[in-house]
Every structure is written in structure tokens, then in C-alpha cells.
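A short worksheet on the structure shown next.
Please read all numbers here as calculations on a predicted model, not as lab measurements. Both counts, for ligands and for their atoms, begin at 1 and track the order of listing.
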Amino acid sequence: MRSSRKVLVVGAGAREHALARALARSRTVSEVVVLPGNAGTVDVGTADRAGIRSRGIEGSLSVTTIVDAAMHERPDLVVIGPEAPLVAGAVDALEAAGFLAFGPRKAAAELEGSKAFLKELAAREGIPTAPFVIVTRFEDAEAHIREHGAPIVVKASGLCAGKGVVVATTEAEAIDAARSMLVDGSFGDAGKTVILEDTLRGAEASVLAICDGERFFVLPPARDHKRVFDGDRGPNTGGMGAFAPAPLAPGLLDRVEREILAPTLAGMKKDGREFRGVLFAGLMITPDGDPYLLEHNVRFGDPECEAIMALIEGDLAKLLASAARGELDPSAITIAPGAALALVLAAPGYPASPRTGAPISGLDRAAQVPGVDVLHAGTAVKEGRVVTAGGRVLAITARGSTLVEARERAYTAAACVSFDGMHYRRDIAAV
Ligand code: AMP
């Protein structure tokens with residue numbers, strides 16, 4: 001790959017800040033621009049030549065805007081962070097315009113865009129997953145729930161920003177969830193098809209792999225913390241922190257590769273939907289030690305990505321470009337020894353109704369802590385000051401020779417930062 005390449009990163013969170021920094025460290029890359037980015041990605045580069053940021057975050061992530069930005073920036077590689085543009089066909093549109101883009105095409109992004117599609121693929125390919133039925137009529141859902149009994153999991157098939165899953169402990173709760181999706185239309189089209197499945201018990205883990213349609217390269221497994229408060233209490237969030245590598249029993253990663261990742265890629269290829277991009281397998285490891293597939297995502301998780309990127313050395317751009325071309329070159333990167341942790345600093349009121357606009361102080365001091373990267377999520381610049389502009393404000397990411405050292409570093413850095421109402425979990429990687 002020739003050097004002095006330019007990369008366009010699409011997205012506005014700490015995930016994209018982490019990707020942008022890792023891409024900027026790549027030997028073959030001379031320039032990185034982020035669309036629409038945030039107050040932190042400015043230190044890497046912002047794709048604003050076309051005045052595109054004025055379209056707002058939602059507008060910035062539409063397929064048309066992404067292609068417009070690529071036309072202006074003429075990148076050698078486009079890396080798309082969030083799922084919505086992938087499911088909407090951003091990669092297909094970029095390819096049609098002559099750009100190399102990392103991420104699945106629309107047909108392959110169905111793996112995340114439709115849980116019904118995923119479950120049917122899993123059943124066809126013999127991938128271990130919770131037994132399920134797919135329903136589109138409320139009467140069928142109700143009858144099945146009564147026959148099956150509780151506990152039972154009710155899932156909207158389409159994209160619901162992580163809110164479309166109810167793990168119901170009573171039949172009444174399950175029936176209410178199904179009614180809200182199928183009758184009240186609480187998730188719009190995304191809830192018109194519903195999956196009812198058995199509840200699995202165990203420990204969750206995320207395994208991410210870079211895929212070129214046929215081959216894959218597994219990244220260090222990660223674990224995230226979804227609840228807002230310590231001890232996994234309170235409502236679900238986009239993620240309050242993550243660490244990598246997550247400890248997995250010996251031989252388990254091999255089984256995940258053999259029983260889940262390989263058959264997923266083979267099944268997608270058979271179906272004419274070759275999967276290129278990052279495949280994120282959300283797993284439940286049962287008390288017997290067996291891995292089950294809960295879901296596939298088709299992009300890096302946030303904040304898992306921040307922890308994983310802290311462990312990547314070498315030329316990430318070369319790896320992602322090779323996958324996008326269908327010629328995976330895992331030798332482009334190495335995985336650093338040790339561990340990394342991402343700690344989310346959130347705005348008051350997050351997740352229900354975050355209050356924003358507060359000035360943030362201590363960012364420079366935090367960045368001086370050894371091994372620490374201060375990654376921005378919901379931030380903006382107002383009258384020359386960095387202010388909060390979203391629920392998840394920052395992701396303090398630290399690498400250490402051990403997980404204990406990474407934790408210490410992240411918490412030391414977090415203590416340097418302050419803004420009105422800031423809150424974060426004290427137990428990332430400790431529970
Ligand atoms: P999903 O988006 O399908 O991964 O579901 C979101 C979350 O709901 C998962 O991370 C699990 O915590 C939980 N969940 C989903 N499916 C199941 C299941 N079959 N059994 C138990 N918990 C589940």
C-alpha cells in the first residue's frame with residue numbers, strides 16, 4: 001500500500017476518536033479527517049471543507065452526506081463507525097462512487113439490521129443460539145408466550161439503538177413488551193417483526209473480528225458495562241466502560257471462531273452477502289462453558305473499540321483496507337501485551353435526559369497521565385471552551401502492563417477532569 005494515504009472516518013463519538021487516532025498512527029497514513037467528529041477529533045482532522053458539519057450529526061451520517069464528504073475529501077479509505085449508515089447502504093454508495101470503504105455492504109449489514117435474519121442464519125448454519133420463534137402478529141406472540149411461560153426474551157427485529165430487547169421475568173411483562181412492539185408500534189418498523197427466545201444464563205463477552213468476506217482476524221475479546229451505576233445497577237446505557245482482553249477460559253476463543261465466526265462468514269457467503277468489515281459477536285458463555293450467540297453487530301462497539309484500539313500497534317489502515325479489498329493482511333498490526341480500559345465520563349441525567357453545555361476542565365492534565373488517551377464523545381467548542389454536548393462526554397482510555405495498572409491510570413486521569421454533574425462508574429473491570 002502506498003504511503004501518504006488519506007482516511008475519512010465517519011461518526012461523532014469516542015469510538016471514532018479512537019479509530020481516528022489509531023489510523024493517524026498508521027505508517028501508510030498522512031491525513032485523517034472525521035465526519036462530523038467532535039471537539040476532540042479536531043486534533044486529528046475534521047471533514048468540514050464542504051460545510052457538511054452544519055447539517056448536524058443526524059444529517060452528517062446520511063448516505064448522501066457521506067458520499068458528498070468523500071467527493072470533497074477524496075480519501076483513499078473510508079471507515080464508517082456507526083451501524084445506521086451501514087444498514088442504510090453507505091458502503092454500496094461509496095463503492096459505486098469509486099471509493100474503498102471498510103464496512104459491510106447493505107445486504108451484509110442485515111446481520112445487525114434484522115435480528116430475524118440473524119436467527120434464521122444461525123439456525124441454517126448450526127450456530128449455537130437461544131431457541132426462538134419469529135412472529136409478526138400479536139395474537140401469535142401472546143399464544144407463544146403463554147405456552148412457553150416466563151422467563152422469556154422479547155426482541156424487536158430491527159435497529160432500536162440498544163433499546164429493543166426485554167428480558168421478561170413474567171408472562172405479563174413479555175406480553176406487554178410484545179404488545180408495545182406489535183400493536184402500539186413503539187419502535188416503528190423495527191418492531192413489526194419480533195423474536196421470542198429462551199433466556200440464557202451466564203457471563204457475556206464480546207469477540208470482534210476483522211473480516212474480508214472469507215477470512216477473519218480476531219481482536220482481543222472485550223467486556224463492557226452497560227448499566228449506569230456501580231454493581232450493574234440502574235438503567236441500561238450505551239456503555240459506561242469496557243476493558244480488553246476479557247479473560248476467557250482456555251480453548252473458548254477457538255470454539256467461538258469455529259462454532260460462531262467461521263460459520264457466520266460461510267453462511268453469509270453462501271447467501272451471496274459476503275461479509276467485509278468488523279463482525280462483533282455478542283456472546284453468552286453458559287455455566288457449562290458453552291458459547292452462545294446473542295447478537296451480531298456489524299461495527300466496532302463503543303466503548304469496546306476504545307479499549308481494543310489502545311492495544312493495537314502497527315498499521316490499522318493497512319489492515320482495514322486489506323479487509324475492504326477482500327485480501328485480509330493480518331501482518332499489518334500486532335496486539336500489544338498488557339491490558340486496556342475505557343472509562344466513560346457522563347453528563348448529569350444520562351441516560352434518560354442528559355443536560356449539556358457545561359464547560360469541561362482538566363483535559364490537558366488528564367492527558368499527561370502515562371498510558372492515557374482522553375477520547376472525546378459528546379463534546380463541542382463554545383466561545384473557545386470545550387463544553388459537554390452529549391450524554392457520554394469523554395472516554396478516558398488507559399493502557400497498562402496489567403489490567404490493574406490500566407485501571408489505576410484511567411481513574412487517576414478521570415480525577416483530573418471535572419464538569420458540572422459529571423458521573424462515572426468506579427468499578428469498571430472490577431465486577
Ligand atoms: P442483544 O441486542 O440481542 O444482544 O440483547 C441485548 C442484551 O439483552 C444482551 O446483551 C443480553 O444482556 C440480553 N439478552 C439478549 N438475549 C438474551 C437471551 N436469550 N438470554 C438472556 N439475555 C439476553
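Within a 6.0 Å radius of CZ in Phe117, more than 12 heavy atoms belonging to other residues, nucleotides or ligands are found. For Glu139, the CD atom is densely surrounded, since the number of other residues' heavy atoms within 6.0 Å is greater than 12.
The contact set between ligand 1 and Thr199, taken as ligand atoms under 4.0 Å from a residue heavy atom, comprises 20 (N), 21 (C). Here is the list of ligand 1 atoms found below 4.0 Å of a heavy atom in Glu197: 16 (N), 17 (C), 18 (C), 19 (N).
Taking only non-hydrogen atoms, the option from Asn297, Val165, Val154 nearest to atom 8 (O) of ligand 1 is Val165. Between atom 14 (N) of ligand 1 and the options Leu283, Asp224, Leu200, Val167, the minimum heavy-atom separation is to Val167. Nearest to atom 2 (O) of ligand 1 by heavy-atom distance, out of Glu112, Lys115, Glu204, Lys155, is Lys115.
Salt bridge status for Arg399 with Asp373: absent, with no side-chain N to carboxylate O gap under 4.0 Å. The existence of a salt bridge linking Lys155 and Glu295 is excluded, since no basic side-chain nitrogen approaches an acidic carboxylate oxygen closer than 4.0 Å.
Given atom 17 (C) of ligand 1, the protein heavy atom at minimum distance is Leu294 CD2, 3.5 Å.
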Discussion item. Side chain to side chain donor-acceptor pair (under 3.5 Å), that's the test. Do Lys119 and Thr129 meet it? Break it down for me.
Written reply: CA-CA 8 Å; Lys119 295 294 285 192; Thr129 189; 2.8 Å; yes
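Tyr350 and His423 have tilted rings, their planes meeting at an angle from 30° to 60° on a 0 to 90° scale.
Under 4.0 Å from ligand 1, the heavy atoms of Val153 that appear belong solely to its side chain.
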